[in-house]
S.K.: 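Below are the structure tokens for one structure; questions will follow.
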Amino acid sequence: MFFVKKLIALLLMPPLAPLILICAGLLLLRWRPRAGRVLAWSGLALALLVTTPPVVDALLDGLEEIPVLQPTQLADAGAIVILGGGARTNAPEFGGQTVNRLTLERVRYGARLARQSGLPVLVSGGAPSGSQPEAELMKTALEEDFRLPVKWVEAASLDTRDNARMSAALLHTEGVKRVVLVTHAAHMRRSVEAFEAAGLAVIPAPTGFFRRGPADDTLPRLPNMNSTYAGTYAIHEWLGLLAYRLNR
């Protein structure tokens, strides 16, 4: 079921969704020229829209709405939970595998908060591809690169709901009821919902904001690599929130 969900998501997101429309339109041109042209141009328009910075910012507006954590909020928590965001499987310089850049951004911010607060750390992330669990790679990065101990390792989860349910099970046995949750700003809304549903009070600690800052306004507001990635990530999160609503 996990891989079925991932396949459906890939088909509904860029770049496959616009390409499917374009290909369907081109195939229809011979038999239904008008419908074929509509589909092909719709696919092209969609590809441009979801990679154009103003549109991407609009997609992110409802996702990156949780403000940055204030240091005073750390006193109310019992642990810091850092969610995995993927692994880099071809990392020979690290002995085979390591965290990817998304996970590294979360790990870095989580380490910063742990040092500020002295709170124990839980890392959460399994191995969807069957390789080394993300949580183990996160633990290695935190302890070897950031010199920060990890108290709990949740290494069986496959998605955000699993992260929440399995992390909560570990923390409840230790009497922890309120956590500082570290993940990307665009992923935070869905993560908070999942962790609260699992019975934990959440203090959000968003990082890795995709919305452009004031300095980016000097660049042309045209599709680029950063906006393409941010747009795809935002659509993935909106689809995830929709799936949560449908599966309550």
Side-chain angles (χ1 to χ4, degrees), residues 1-65 83-91 100-105 127-131 134 158-161 183-191 193-194 208-213 215-247:
M1 183 57 68
F2 171 78
F3 290 104
V4 171
K5 290 191 298 183
K6 289 298 182 182
L7 178 60
I8 293 173
L10 285 174
L11 292 174
L12 294 175
M13 293 191 307
L16 280 182
L19 287 174
I20 289 171
L21 286 176
I22 293 171
C23 290
L26 294 176
L27 290 173
L28 275 177
L29 280 177
R30 182 174 178 181
W31 297 279
R32 296 285 189 275
R34 183 174 180 179
R37 286 194 294 270
V38 169
L39 278 178
W41 282 108
S42 296
L44 180 60
L46 179 62
L48 289 172
L49 277 174
V50 298
T51 60
T52 301
V55 176
V56 173
D57 285 348
L59 287 171
L60 290 168
D61 276 341
L63 297 172
E64 297 188 342
E65 59 186 3
L83 301 187
R88 182 179 291 276
T89 57
N90 183 26
N100 69 2
R101 71 173 186 87
L102 291 178
T103 304
L104 183 59
E105 286 181 325
S129 63
S131 57
E134 292 174 23
L158 296 179
D159 57 24
T160 304
R161 275 182 168 167
T183 188
H184 273 73
H187 184 232
M188 185 59 75
R189 180 175 166 183
R190 187 157 60 100
S191 300
E193 287 190 17
F209 289 80
F210 287 117
R211 277 188 60 87
R212 296 171 309 120
D216 295 325
D217 289 336
T218 59
L219 300 174
R221 307 192 76 180
L222 298 173
N224 55 71
M225 289 186 294
N226 291 332
S227 65
T228 298
Y229 185 83
T232 301
Y233 196 104
I235 291 171
H236 177 269
E237 288 304 315
W238 283 115
L239 289 174
L241 286 167
L242 176 61
Y244 278 19
R245 301 296 182 272
L246 297 176
N247 290 295

S.K.: Can you tell me if R30 has over 12 outside heavy atoms packed within less than 6.0 Å of its CZ?
M.R.: no

S.K.: If you measure from CD on E105 to CG on N100, what distance do you get to the nearest 0.5 Å?
M.R.: 9.0 Å

S.K.: Evaluate the side-chain proximity of V50 to M13: yes if any heavy-atom separation is below 4.5 Å, no if none is.
M.R.: no

S.K.: Is any side-chain heavy atom of T228 closer than 4.5 Å to a side-chain heavy atom of P14?
M.R.: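 T228 vs P14: side chains apart.
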
S.K.: Under 30°, 30 to 60°, or over 60°: which ring-plane class applies to F210 and H184, parallel, tilted or perpendicular?
M.R.: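 Because their plane-to-plane angle is under 30°, the rings of F210 and H184 count as parallel.
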
S.K.: Mark yes or no for whether S227, through its side chain, and P223, through its backbone, hold a donor-acceptor pair below 3.5 Å.
M.R.: no

S.K.: Taking atom CZ of R88 and atom CG of L104, what is their separation to the nearest 0.5 Å?
M.R.: 10.0 Å

S.K.: Measuring from L46:CG to I235:CD1, what's the distance to the nearest 0.5 Å?
M.R.: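 Answer for the CG-CD1 pair, L46 versus I235, is 7.0 Å.
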
S.K.: Atom CD1 in I20, atom CG in L11: separation rounded to 0.5 Å?
M.R.: 5.0 Å

S.K.: Quick one: are N226 and P53 in side-chain contact, heavy atoms under 4.5 Å?
M.R.: no

S.K.: Check whether any side-chain N or O of R211 sits under 3.5 Å from a backbone N or O of L60 as a donor-acceptor pair, and report yes or no.
M.R.: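 Answer holds: no.
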
S.K.: Using the ring of Y244 (Phe, Tyr or Trp, six-membered ring only), decide whether R161 places NZ or CZ under 6.0 Å from its centre and within 45 degrees of its axis.
M.R.: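 Cation-pi check for R161 and Y244: passes.
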
S.K.: Minimum heavy-atom separation for V56 to A230, with atom names?
M.R.: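 Smallest heavy-atom distance, with atoms named: CG1-CB, 3.7 Å.
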
S.K.: Would you say the side-chain atoms of T183 pair up with the backbone N or O of M188, donor to acceptor, closer than 3.5 Å?
M.R.: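 Flag not set: sc T183 to bb M188 has no pair under 3.5 Å.
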
S.K.: Does atom CZ of R245 have more than 12 heavy-atom neighbours, drawn from other residues, nucleotides or ligands, at distances under 6.0 Å?
M.R.: yes

S.K.: At what distance, to the nearest 0.5 angstrom, does CG of D61 lie from CG of L63?
M.R.: 9.0 Å

S.K.: Report the distance from atom CG of L59 to atom CD of E64, rounding to the nearest 0.5 Å.
M.R.: 11.0 Å

S.K.: Salt bridge or not between E237 and R190? Use side-chain N to carboxylate O under 4.0 Å.
M.R.: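 Salt bridge: yes.
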
S.K.: Can you see which heavy atom on S191 is nearest to which on L83, and at what distance?
M.R.: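 Answer, listing the atom of S191 first, then L83: OG-CD1, 3.6 Å.
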
